[in-house]
Amino acid sequence: MKKGMIKVSDSFERIVHWCMAISCIILMISGLGMMFHSFNFIAIPVGGLKNLKLIHNFTGLVFIPSLLFAILIWWKEAGIFRFPEDLEWIKVAGGYLWHVDKVPETGKYNPGQKAFFWAVAFFGVVMIVTGLIMWFPLGFPVKLVRWMYTLHALGFFVIFSFFFVHLYLGTVGVPGSVSAILTGWVTRSWAEKQCPKWLKEMEESGKLEVSE
Amino acid sequence: MSEKIKLCDLSKCTGCRGCQLACKQWNQLPAKQTVNYGTYQNPPDLQPNTWNVIRFQEISENGAVDWLFRHDACMHCTDAACVKVCPSGALYHTKYGTVALDSAKCIGCKECVFACPFEVPRYDPETDKVIKCDMCYSRIDNAMQPACVKACPTGALRFGDKKEMLQIAYARAKELGGDASVYGDTFVDGTHMIYVLPRKAAVYDRLPEKPRVPFSVIAWKDWLKPLSLLAAGGVVGGAFLHYIIHGPKDTSGGGDQASREGGE
Amino acid sequence: MTNHWIDIQYSDCVLIMGSNAASNHPISFKYVTKAIENGAKLISVDPRFTQTSSKADIYASLRSGTDIAFLGGMINYILENNLIQEKYVKYYTNASFLVNPDFKLPGENEGVFSGLKDATYDKSSWAFQTDLKGVVKKDMTLTDPNCVYQLLKKHYSRYNPDIVSRITGTPKDKLLEVYKEYAKTGAVGKAGTIMYAMGWTQHTVGVQNIRTMSIIQLLLGNMGVAGGGVNALRGESNVQGSTDHALLFHILPGYLKTPSASLPTLAVYNAKNTPTTVEPNSLNWWKNTPKYMASFLRAHYGVSATLEEAYGYLPKLDDGQNYSWLSLFDAMYKEKLTGFFSWGQNPACSGASSNKTRQAITKLDWMVNVNIFDNETGSFWKGPGMDPKKIKTEVFMLPCSASIEKEGSIINSGRWMQWRYKAVDSPGVAMPDGEIISELFYKVRELYEKEGGPLKEAITKMTWDYGPKGVDGTVRHLDVHYIAKEINGYFLEDKEINGTLYKKGSLVPSFAFLQDDGSTSSGNWLYCNSYTEKGNMAARRGKKDESGIGLYPEWAWSWPVNRRIIYNGASVDPETGRPWDTEHPVIIWNGSSWVGDVPDGVAAPGAGRPPFIMKPHGVGSIFGPGLADGPFPEHYEPLECPIEKNILSPQFVNPTIKRWDEEGTGTDVDARATCDPRFPIVCSTYRVSEHWQTGLMTRWCPWLAEMQPSMFVEIGTELAKNKGIKNGEIVTVKSVRGQVDAVAIVTERWKPFTIDGNTIHEIGIPWHYGWVTTKMREYVHGDKKPEVFTFGDSANIVTPFIGDANTMIPESKAFMVNVERKEG
Ligand code: HEM
Ligand code: SF4
Ligand code: SF4
Ligand code: SF4
């Protein structure tokens with residue numbers, strides 16, 4: 001490994017992330033196949049919609065613990081907004097949309113990422129609760145079950161769109177990010193740009209891991 | 001092909017249950033053990049093996065009693081919530097306007113069970129599929145009447161072209177007078193089973209007064225479905241625009257080797 | 001039925017009483033519904049608000065067993081308000097006949113008619129007055145105090161609405177509403193019909209219930225017209241046929257009387273049973289009795305015996321003996337019978353007082369159970385309370401074919417003989433009943449030939465030409481066409497009638513050709529015309545109907561002589577021949593003959609022939625001296641009833657019924673509990689759409705058992721509250737004779753009655769259940785288990801052992817019980 005790389009995630013975090021991500025992707029793709037008759041073809045390779053549904057449901061079972069661990073892991077750093085710096089950041093949209101001379105410094109995660117966390121956490125839970133009820137609906141009141149489908153679709157709407165934002169920013173939108181969740185190591189400059197405050201704090205407390 | 005309607009004139013129904021039995025016979029639905037729980041009605045409700053059931057209901061007003069019998073089965077809606085939600089296309093509209101069901105396609109997701117405003121489809125755990133009255137598609141497509149209609153001795157059940165059946169229904173409701181009305185012609189864009197109700201709809205057990213496709217289903221299917229694609233499309237498009245207009249974020253710079261390489 | 005199912009739609013007012021037709025004759029409602037659509041009014045009179053009531057314009061309740069009071073009140077209403085169809089009554093009924101001045105009505109004779117002695121009537125005072133030539137004296141003004149009309153008026157003047165309401169519990173305004181509506185059919189051209197079933201017959205006054213309505217129909221001119229008549233809804237698909245063919249002990253096929261020991265020769269028999277009349281224009285059809293009897297004897301014994309010899313072979317009744325169901329089972333119970341064929345029936349559940357019936361079977365040496373399923377009778381020794389070790393009866397089960405497994409005819413309520421074909425083979429070793437009888441016959445004959453026996457010729461000389469025969473002279477396989485032809489009858493020798501020669505061996509065209517000299521045969525004269533040289537009439541399926549009133553004369557065949565509405569001679573004006581109802585004429589005079597239905601009894605218009613030709617005098621009997629219990633119906637309480645005395649008279653129950661409950665007449669199983677505080681509730685039995693009779697055939701059918709899985713008892717809300725009974729819980733219905741468990745259906749449809757100021761409750765139970773198909777019983781290897789179990793045993797466990805005075809049909813529609821929550 002190159003020298004001077006900074007460690008931003010440990011292996012547990014990365015496993016959780018990928019469990020969640022992959023299950024989520026499978027859920028989205030399989031969900032899409034069930035949602036639109038024009039996407040029913042997605043079921044062809046797995047031998048029919050019935051299987052697709054089963055894949056969706058059981059992938060859901062993988063998604064549930066991943067999401068729960070993810071929430072536990074990132075709760076502190078991504079779940080809590082800090083003022084006023086986060087507000088400042090939001091005012092300039094993190095410098096993503098127009099040119100900003102000085103982007104307010106953020107912690108490990110900027111408010112955009114925090115928002116994504118919230119979307120995933122909240123709607124992930126919604127997906128879990130509604131999904132489980134939808135899987136085993138008999139016995140629940142009709143009116144309740146009816147809304148479960150709607151909420152599940154709402155959750156999908158939110159997660160699906162955020163997913164693309166996340167994908168863009170995690171790859172080409174913010175070069176160098178992928179490695180953060182692939183290897184756990186990022187460049188100092190990436191860290192300085194993405195999470196300057198966190199970097200400072202870590203350095204001050206001497207906890208920062210830097211590759212030798 | 002013209003639309004067909006099963007007309008159910010409750011003023012003529014005697015609760016003989018010929019229809020309930022004929023359905024089982026034609027569709028080879030097995031009997032299940034039942035118990036008498038204090039009524040003639042049995043099985044107690046629609047079931048996977050019971051696609052139409054006569055609901056027996058006693059009402060009492062000012063000392064006068066009446067005994068109502070209602071042939072309850074799928075209404076075959078034009079704007080059918082069940083078809084709307086069915087992910088597999090198992091539920092579909094036939095050329096007669098009726099709603100049939102291709103069991104082979106059913107994945108047992110039960111979405112229709114909860115969408116139907118009349119609570120008609122039933123889930124069968126044994127086959128892991130949902131089942132309901134298909135208006136005897138195998139019969140009507142061979143120019144026969146549905147089995148229940150064929151069996152009905154009183155003429156309470158009739159089957160025919162939509163226009164003719166509606167005419168008969170309106171004429172009959174008028175003839176009966178009082179609270180009599182036609183039920184099914186106005187909502188969910190018109191059903192293909194319609195009732196002539198001698199009494200107000202609200203009187204009848206388990207008969208929704210103003211049935212409609214549930215709002216949740218509309219929000220889900222008519223709004224969120226297209227919206228989710230639109231949104232995803234928007235995001236993807238936005239990202240692309242962002243990339244070419246704004247460009248990616250510059251995460252390079254700094255003095256270390258890794259940062260430099262990463263940024264190049 | 002005097003009319004037929006399709007005809008109901010032409011009625012202006014349909015009265016359904018003693019029947020829940022909507023449920024138990026569902027197809028009848030095809031036509032009732034049409035009648036309503038055509039503007040008819042439907043009246044339902046029933047103790048309980050039924051499916052039929054739910055479709056009725058007027059519903060009136062009445063306490064079970066008070067129909068004569070109810071209908072007597074209607075007669076009173078009709079007469080008081082002069083609503084009769086006058087010309088009809090004058091010309092077509094015996095209203096104008098003068099009765100013996102010694103005749104006394106119950107109102108002036110302690111509640112009974114004159115002549116009662118030892119529970120039977122000496123009917124001499126009931127006779128008509130005649131002139132020197134023997135012609136009945138008449139008063140066409142209907143004013144003579146001894147004329148039938150005035151007697152009728154006097155008799156039913158006691159049945160005023162207040163009294164009737166006190167007896168029946170029907171609110172007075174309801175009574176009047178029903179009377180008013182039904183009496184409207186007395187208008188010329190209007191027709192009212194009555195549909196009744198076991199709710200009328202199963203009473204100690206069963207026949208008189210129907211008589212009361214017959215009187216009403218005559219008064220209103222409703223007999224013989226389209227949409228009218230007296231219509232018995234038969235409870236079994238072929239009960240009409242089996243009755244026509246001598247189901248009952250006192251009649252031979254075609255309603256010929258069974259010979260009795262006191263009529264030793266055919267000549268004596270004919271003299272006794274052939275009515276005569278000197279009424280100038282009366283046809284008196286039964287004058288042909290000797291022809292029908294001779295032809296019947298020929299059908300039995302062919303020409304191998306003379307008619308007198310053949311008559312000698314027929315079994316004879318002992319005078320005064322009754323061989324009806326109740327008597328037979330009583331004899332069995334008293335060990336006077338050793339063997340029993342239980343053929344296509346289930347006495348252990350169908351017989352009144354089932355505990356007695358079940359006990360009776362244990363006293364037999366042998367029993368043969370011929371049936372399509374195992375039943376409570378065949379397996380009685382395994383039943384509740386039985387100890388097989390102590391039972392000596394040897395039981396043989398002969399499985400037989402179901403109706404769809406054999407060819408033949410059935411006769412529906414409307415008297416249509418309809419041919420049916422075999423659809424599937426019988427399962428296993430099951431055989432059609434006819435084949436079983438045939439094999440039995442050959443075996444019995446062989447034994448008689450070998451061993452002899454009293455009157456062995458009765459068997460050995462019997463013809464048995466029911467199919468092609470093998471070399472040994474026996475029938476290989478029964479051919480039902482041979483039987484149907486024998487029923488119709490053959491010419492046994494060449495015969496010239498009215499210039500036409502009928503060849504020996506050809507089929508007789510109709511009963512008008514039957515002879516008393518032995519030259520013709522006919523197994524049942526009423527069916528002569530059903531299978532002729534033109535073919536099997538019953539198999540016809542022609543849909544032509546030129547009548548405009550749904551006669552469909554080319555569909556199947558109807559007795560007699562394909563007549564669809566009997567007594568139709570009364571549907572026209574006696575003087576002009578014009579149909580009363582010109583919209584729905586049954587027969588029309590075209591100048592030279594009648595067209596439409598096969599005319600019944602009428603001669604040319606104005607010829608003065610009275611149309612009720614089966615009656616010696618040719619008119620309908622408003623006064624009916626033929627019955628055992630009176631020429632007019634009189635209200636008597638059921639044997640078991642909730643009130644202490646008959647409100648109408650000092651005579652409590654029908655004085656002429658055969659009693660088993662009195663000292664020295666019966667045993668403890670025949671107990672009766674009237675006005676007994678232990679059994680304060682009136683009970684009735686009935687059927688449901690889903691089951692048939694004892695449920696023997698339907699309980700085994702899973703779809704039917706699924707819909708009605710259980711013995712139930714319908715209890716009014718008020719009574720249930722008093723008793724602390726909740727809907728759906730199991731209760732016990734008890735009578736003095738036994739008890740049966742049932743699921744309580746607590747219902748608003750059963751309201752308490754106010755009888756003479758007291759509140760009386762009534763409940764009802766279906767009689768379709770039996771222990772064989774229950775879950776609780778023991779099933780051993782080989783026992784068939786039903787797919788859907790039923791719950792509960794027979795309703796007849798609680799019914800009384802008492803019959804109608806004329807027919808001995810048991811009184812299972814009105815008796816006393818109690819109902820309690822099931823203990824433990
Ligand atoms: C990121 C998480 C998830 C996404 C994106 C997702 C997406 C979807 C989509 C798009 C649909 C189709 C909805 C429609 O037809 O409108 C669907 C249906 C469904 N989902 Fe999910 N889902 C997720 C999580 C879950 C979870 C955790 C479960 C439960 C274990 C679950 C169970 C279901 C069920 C039962 C259905 C109903 C469809 C059927 O059974 O055929 N989903 N999901
Ligand atoms: S009644 Fe229910 S199951 Fe039938 S078509 Fe309408 S929505 Fe579908
Ligand atoms: S139309 Fe056919 S499937 Fe539907 S209830 Fe009637 S018999 Fe049953
Ligand atoms: S068959 Fe006709 S009359 Fe009988 S219960 Fe069904 S709808 Fe009613």
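Here is how names work: the chains are called A, B, and so on, in the same order as the sequence lines, proteins then strands, and each is numbered from 1. These values consider heavy atoms only, across backbone and side chains, with no hydrogens, waters or symmetry-generated copies.
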Exercise. Given the rule in the salt bridge (charged side-chain N to carboxylate O under 4.0 Å, His left out) test, do B/D179 and B/K200 qualify, once you have shown the distances and angles that lead to the verdict?
Worked result: CA-CA 6 Å; B/D179 287 341; B/K200 288 205 177 81; 3.7 Å; yes

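- Only the side chain of B/E58 comes within contact range of chain C, with at least one heavy atom under 4.5 Å from a heavy atom of that chain.
- Of the two parts of B/C13, only the backbone, made up of N, CA, C and O, holds a non-hydrogen atom closer than 4.5 Å to a non-hydrogen atom of chain C.
- Only the backbone of B/L10 comes within less than 4.5 Å of a heavy atom in chain C; its side chain stays farther off.
- Across B/L21, B/I59, B/V65, the residue that shares the most heavy-atom pairs under 4.5 angstrom with chain C is B/V65.
- Checked for salt-bridge contact, C/R749 and B/D66 miss the test: no charged N lies under 4.0 Å from a carboxylate O.
- Side-chain contact between C/M711 and C/I765: present, with at least one pair of heavy atoms (C-beta onward) separated by less than 4.5 Å.
- Using a 4.5 Å cut-off between heavy atoms, C/E787 contacts chain B through its backbone alone, with no side-chain atom that close.
- Heavy-atom pairs under 4.5 Å with chain B peak, among C/P786, C/G728, C/P709, at C/P709.
- Heavy-atom pairs under 4.5 Å with chain B peak, among C/Y59, C/F49, C/F791, C/Y31, at C/F49.
- The closest side-chain donor-acceptor pair between C/N727 and B/Y37, if any, does not fall under 3.5 angstrom.
- Of the atoms belonging to C/K751, it is side-chain heavy atoms, and not backbone ones, that fall under 4.5 Å from chain B.
- Residue C/E729 does not touch chain B at all, counting heavy-atom pairs closer than 4.5 Å.
- Of all heavy-atom pairs spanning B/Y170 and B/V182, the tightest one is CD2-CG2, 3.5 Å.
- In summary, B/D205 and B/R55 do not engage in a salt bridge, as defined by a charged side-chain N under 4.0 Å from a carboxylate O.
- Looking at C/T50, the atoms closer than 4.5 Å to chain B (heavy atoms on both sides) all sit in the backbone: N, CA, C or O.
- Both the backbone and the side chain of C/F29 come within less than 4.5 Å of a heavy atom of chain B.
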For this session: Could you walk me through whether B/R172 and B/D9 pass salt bridge (charged side-chain N to carboxylate O under 4.0 Å, His left out), step by step?
Result: CA-CA 8 Å; B/R172 179 69 182 164; B/D9 180 349; 2.9 Å; yes

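- Between the side chain of C/S710 and the main chain of B/V35, no donor-acceptor pair closer than 3.5 Å is present.
- No more than 12 heavy atoms of other residues, nucleotides or ligands lie within 6.0 Å of NZ in C/K30, so this atom counts as exposed by the packing criterion.
- C/T732 places no side-chain N or O within donor-acceptor distance of the main-chain N or O of C/K822, the cut-off being under 3.5 Å.
- Counting only heavy atoms from C-beta outward, the side chains of C/H691 and C/R699 approach each other to under 4.5 Å.
- In this structure, chain C has heavy atoms under 4.5 Å from both the backbone and the side chain of B/Y40.
- Among B/N36, B/L68, B/T50, B/T14, the residue making the largest number of heavy-atom pairs under 4.5 Å with chain C is B/N36.
- Only the backbone of B/P30 comes within less than 4.5 Å of a heavy atom of chain C; no side-chain atom from C-beta onward does.
- With a 4.5 angstrom heavy-atom cutoff, B/T154 touches chain C via backbone and side-chain atoms both.
- Heavy-atom distances place the side chain of B/Q20, and not its backbone, under 4.5 Å from chain C.
- Of the two parts of C/S689, only the side chain, counted from C-beta on, holds a non-hydrogen atom closer than 4.5 Å to a non-hydrogen atom of chain B.
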